[in-house]
Amino acid sequence: MAHMPDLAAGRRRGLSPMVQRNLISGLLFISPWLSGVVIFTIYPIVASFSYSLTSYDVISPPRFIGVENYVSAFTSDPLFYQAVGNTFFYALIFLPLSMLIAVSVALLLNLDVRGLTVYRTLFFLPSIVPEIASAMLWGWILNPQFGLVNALLKAIGVPTLGWLSDPDWSKPALILIGLWGFGSSMVIYLAALQDIPRQLYEAAEMDGAGAFTKTWHVTLPMLTPTIFFNLVLGLIGTFQYFTTAFVVTGGSGGPAGSTTFYAMLIYNNAFRYFKMGYASALAWMLFAFVFILTWIIFKTSGRWVYYEGERA
Amino acid sequence: MSTQTMAGASPMISREERHRRRVLQRGAVYLALTLLGILFTIPFLWLLSTSLKPPAQLFKLPPEWIPNPFTWNNYPRALTAIPFFSYLRNTLYISLFNVVASVISCSLVAYGFARIQWPGRNLLFLVLVSTLMIPFPVTLIPTFLIFRDLGWINTPNPLTIPALTGNAFFIFLLRQFYMTIPEELSSAARIDGAGELQIYWQIILPLARPVLAVVALFAFMSNWNDFLGPLIYLSDRNQYTLAIGLYGFLSRSGSAWGPLMAAATMMVAPIIVLFFLTQRTFIQGITLTGIKG
């Protein structure tokens, strides 16, 4: 924000020819993005707010109805609460689990293991599989009758599960599918771990620190910026969670609405029922929520994210 | 977990004892990693195995791993059940367009953010970074309506043209890299009378080749894998990409797992091959994403 006044003051004083030249060439270089952000980001955010105050079925022109869309989300759309609940359920279980697995595996791989690249590849590969393909594959693996997982459960004498066809198990099934792709964040953690200066460990050892102490007091604090980064990206990712759930349920969000996630609710209202106004209201609430959440995370990050002096 | 037990190496314990513990701990680490590695590989093996099985064997209980008899039939069946090569051509067109357009536009924009000092630059960069945090549903509907008004529904344009305006994430990556190039290189060129475009083209771009490769790779992958974009903008089967083509195949032939897995394999295999061919670029790219974050 601090730069806005500079810009205005500079104009009033008259910018030096060099600054002026730089300003022009700078703006020219970024002009592709600048036009893109206006057309594809800023305008849509504003427009979706104005659509959210209308009833709009794409065929007849939008009709102003005030805040009715917002009110009806809370009062007359049971799927709204269900989608919010499903999305929180997924975020609150999937995110911590995937971060825990990613950090743990990265810590193991950081113990100077031989064959590091082989292990890294094994864990990383699932994360680059197209979501449509992994959803198809897991739909088959979790098939209640002939799937691999239930066959395994049967073999060890545990009752088999309905997985994606059981409202109680459909979300855990999706979490399982999501965890298969933990590898990309693991690679980020591993790179961050390998970046931690050896001297820090040596200093800790001189103070008599064991491996656990070193992990807790050196490794994890040094890793917090990466954890923070993955947390922010992960949260935003889970609030737009869509493809896998859509594919495995054939777009139905079933059974019994148990896999209707918030992004799918928006998609269905917009592109199935052509309730563009209502869908825009849903989208705007998501925007406001994510904005506030990100703001809170950034505000509280000072308490637990450790930045080295030179980075601050 | 295993690190915790390693802390037990107190000086009271004899040398042999400590050595024995170390070996045990190493063993536990390798065992854990290997078991987990196998676990994460099983879905791939199952994908391949299913795609090579005759229909009758699919529904055997307990499931069998080795195809018997081993058959390629699912592949030609998948290729004829859907116009696979037409989907492939559409996907390649969109993906390659995005690769070229992103590399050009993002490398230019990043130059403007990293190599020229101008008032307002940091503020606009902040805007760029904050657009990374906007979930897609927020901009989805008005963007759709823009493309509809342009008459671009059922054409690849909504999936290609935006790449000309760059991509915030790629711009961010490139800008971070450009920042590490010493400023003296630019100022020396400026003294010699070089303009900004010349510096961009002759000095910065050649140095940025590894990161440009990352951008190209990621742009290709994200478009090859993209599901939502084609789902929204393409409803004519002649325009389908592999992702939604496969989805259509899945919804039409629910339990023909053999051909379905063959089709999925044909979509996954190029990505895996691409990974092995460009492994270093790949890992470097993912790493770049995180470290400077």
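Chain letters run A, B, ... following the sequence lines, proteins first, then strands; residues in each count from 1.
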Asker: Tell me, for Ile266(A) versus chain B, whether the close heavy atoms (under 4.5 Å) come from the side chain, the backbone, both or neither.
Answerer: side chain
Asker: Aromatic rings Phe29(A) and Tyr111(B): how do their planes relate, parallel, tilted or perpendicular, breaks at 30° and 60°?
Answerer: tilted
Asker: Identify which of Gln117(B), Lys60(B), Arg115(B), Arg148(B) forms the greatest number of heavy-atom pairs closer than 4.5 Å to chain A.
Answerer: Arg148(B)
Asker: Under 4.5 Å heavy-atom distance to chain B, tell me which part of Phe291(A) shows up: side chain, backbone, both or neither.
Answerer: neither
Asker: Please step through ring-ring contact (aromatic ring centres under 6.0 Å, His included) for the pair Phe146(A) and Trp257(B), ending with a clear verdict.
Answerer: CA-CA 11 Å; Phe146(A) 304 105; Trp257(B) 293 109; over 10 Å; no
Asker: For Phe40(B), is it the side chain, the backbone, both or neither that has a heavy atom under 4.5 Å from a heavy atom of chain A?
Answerer: both
Asker: Side chain, backbone, both or neither: which part of Leu58(B) has a non-hydrogen atom closer than 4.5 Å to chain A?
Answerer: both
Asker: With a 4.5 angstrom heavy-atom cut-off, which part of Leu61(B) approaches chain A: side chain, backbone, both or neither?
Answerer: side chain
Asker: Tell me, out of Phe228(A), Trp284(A), Tyr43(A), Phe242(A), who's got the most heavy-atom pairs with chain B below 4.5 Å.
Answerer: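 The answer is Phe242(A).
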Asker: Taking only residues two or more places apart in sequence or in another chain, which ones pass salt bridge (Lys or Arg N to Asp or Glu O under 4.0 Å) with Glu196(B)?
Answerer: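 Only Arg190(B) meet the salt bridge (Lys or Arg N to Asp or Glu O under 4.0 Å) criterion with Glu196(B).
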Asker: What part of Phe298(A) is in contact with chain B, defined as an atom under 4.5 angstrom from a non-hydrogen atom: side chain, backbone, both or neither?
Answerer: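 Answer is side chain: those atoms of Phe298(A) sit under 4.5 Å from chain B.
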Asker: Is Ile42(B) close to Ile141(A) at the side-chain level, that is, under 4.5 Å between some pair of heavy atoms?
Answerer: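 Side-chain contact under 4.5 Å: no.
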Asker: Considering only heavy atoms and a distance below 4.5 Å, find which of Val58(A), Asn150(A), Ile39(A) pairs most often with chain B.
Answerer: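 That would be Val58(A).
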Asker: Which answer fits Thr294(A), side chain, backbone, both or neither, if we ask what part of it has an atom under 4.5 Å from a heavy atom of chain B?
Answerer: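 Looking at Thr294(A), just its side chain touches chain B.
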Asker: Side chain, backbone, both or neither: which part of Gln145(A) has an atom under 4.5 Å from a heavy atom of chain B?
Answerer: backbone
Asker: Would you mind reporting whether Tyr119(A) and Val105(A) have side-chain heavy atoms less than 4.5 Å apart?
Answerer: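 Result no, sub-4.5 Å side-chain heavy-atom pair not found.
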Asker: Give, as side chain, backbone, both or neither, the part of Leu250(B) having an atom under 4.5 angstrom from any heavy atom of chain A.
Answerer: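 For Leu250(B), side-chain heavy atoms alone lie under 4.5 Å from chain A.
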Asker: Determine whether more than 12 heavy atoms belonging to other residues, nucleotides or ligands lie under 6.0 Å from atom CZ of Arg114(A).
Answerer: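 No, because the 6.0 Å sphere around CZ of Arg114(A) holds 12 heavy atoms or fewer from other groups.
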Asker: Pick one of side chain, backbone, both or neither for Tyr241(A), based on which atoms fall under 4.5 Å of a heavy atom in chain B.
Answerer: neither
Asker: Who are the salt bridge (Lys or Arg N to Asp or Glu O under 4.0 Å) partners of Lys275(A), not counting sequence neighbours?
Answerer: none
Asker: Let me know if Arg21(A) has heavy atoms under 4.5 Å from chain B in its side chain, its backbone, both or neither.
Answerer: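 Contact with chain B: none, neither part.
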Asker: Name the region of Phe124(A), side chain, backbone, both or neither, that has any atom closer than 4.5 Å to a heavy atom of chain B.
Answerer: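 The answer is the side chain of Phe124(A).
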Asker: Is Ile232(B) close to chain A through its backbone or its side chain, or both, or neither, when contacts mean heavy atoms under 4.5 Å?
Answerer: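 Interface part for Ile232(B): side chain.
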Asker: For chain A, which of Val268(B), Ile272(B), Leu246(B) has the most heavy-atom pairs under 4.5 Å?
Answerer: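 It is Leu246(B).
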Asker: I'd like to know which of Pro62(B), Ser251(B), Gly166(B), Pro162(B) tops the heavy-atom pair count under 4.5 Å against chain A.
Answerer: Pro162(B)
Asker: Taking side chain as C-beta onward, heavy atoms only, is Val138(B) less than 4.5 Å from Pro44(A)?
Answerer: no
Asker: May I ask you to decide if the ring planes of Trp180(A) and Phe44(B) are parallel, tilted or perpendicular, using 30° and 60° as cut-offs?
Answerer: tilted
Asker: Determine the option with the most heavy-atom pairs under 4.5 angstrom with chain A, choosing from Ile283(B), Ile271(B), Asn167(B), Thr41(B).
Answerer: Ile283(B)
Asker: Counting only non-hydrogen atoms closer than 4.5 Å, does Trp138(A) touch chain B with its backbone (N, CA, C, O), its side chain (CB onward), both, or neither?
Answerer: side chain
Asker: Enter the distance from Phe136(B):CZ to Ile236(A):CD1 here, rounded to the nearest 0.5 Å.
Answerer: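 Reported value, rounded in 0.5 Å steps: 13.0 Å.
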Asker: Measure distances from Lys214(A) to the heavy atoms of chain B and classify the residue's part below 4.5 Å as side chain, backbone, both or neither.
Answerer: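 Neither part; nothing is under 4.5 Å.
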Asker: Measuring heavy-atom distances to chain A, does Thr34(B) have an atom under 4.5 Å in its side chain, in its backbone, in both, or in neither?
Answerer: both
Asker: Under 4.5 Å heavy-atom distance to chain B, tell me which part of Ile30(A) shows up: side chain, backbone, both or neither.
Answerer: both
Asker: Non-hydrogen atoms of chain A under 4.5 Å away: do they reach the side chain of Tyr30(B), the backbone, both or neither?
Answerer: both
Asker: Which of parallel (below 30°), tilted (30 to 60°) and perpendicular (above 60°) describes Phe218(B) and Phe169(B)?
Answerer: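 Phe218(B) and Phe169(B): parallel rings.
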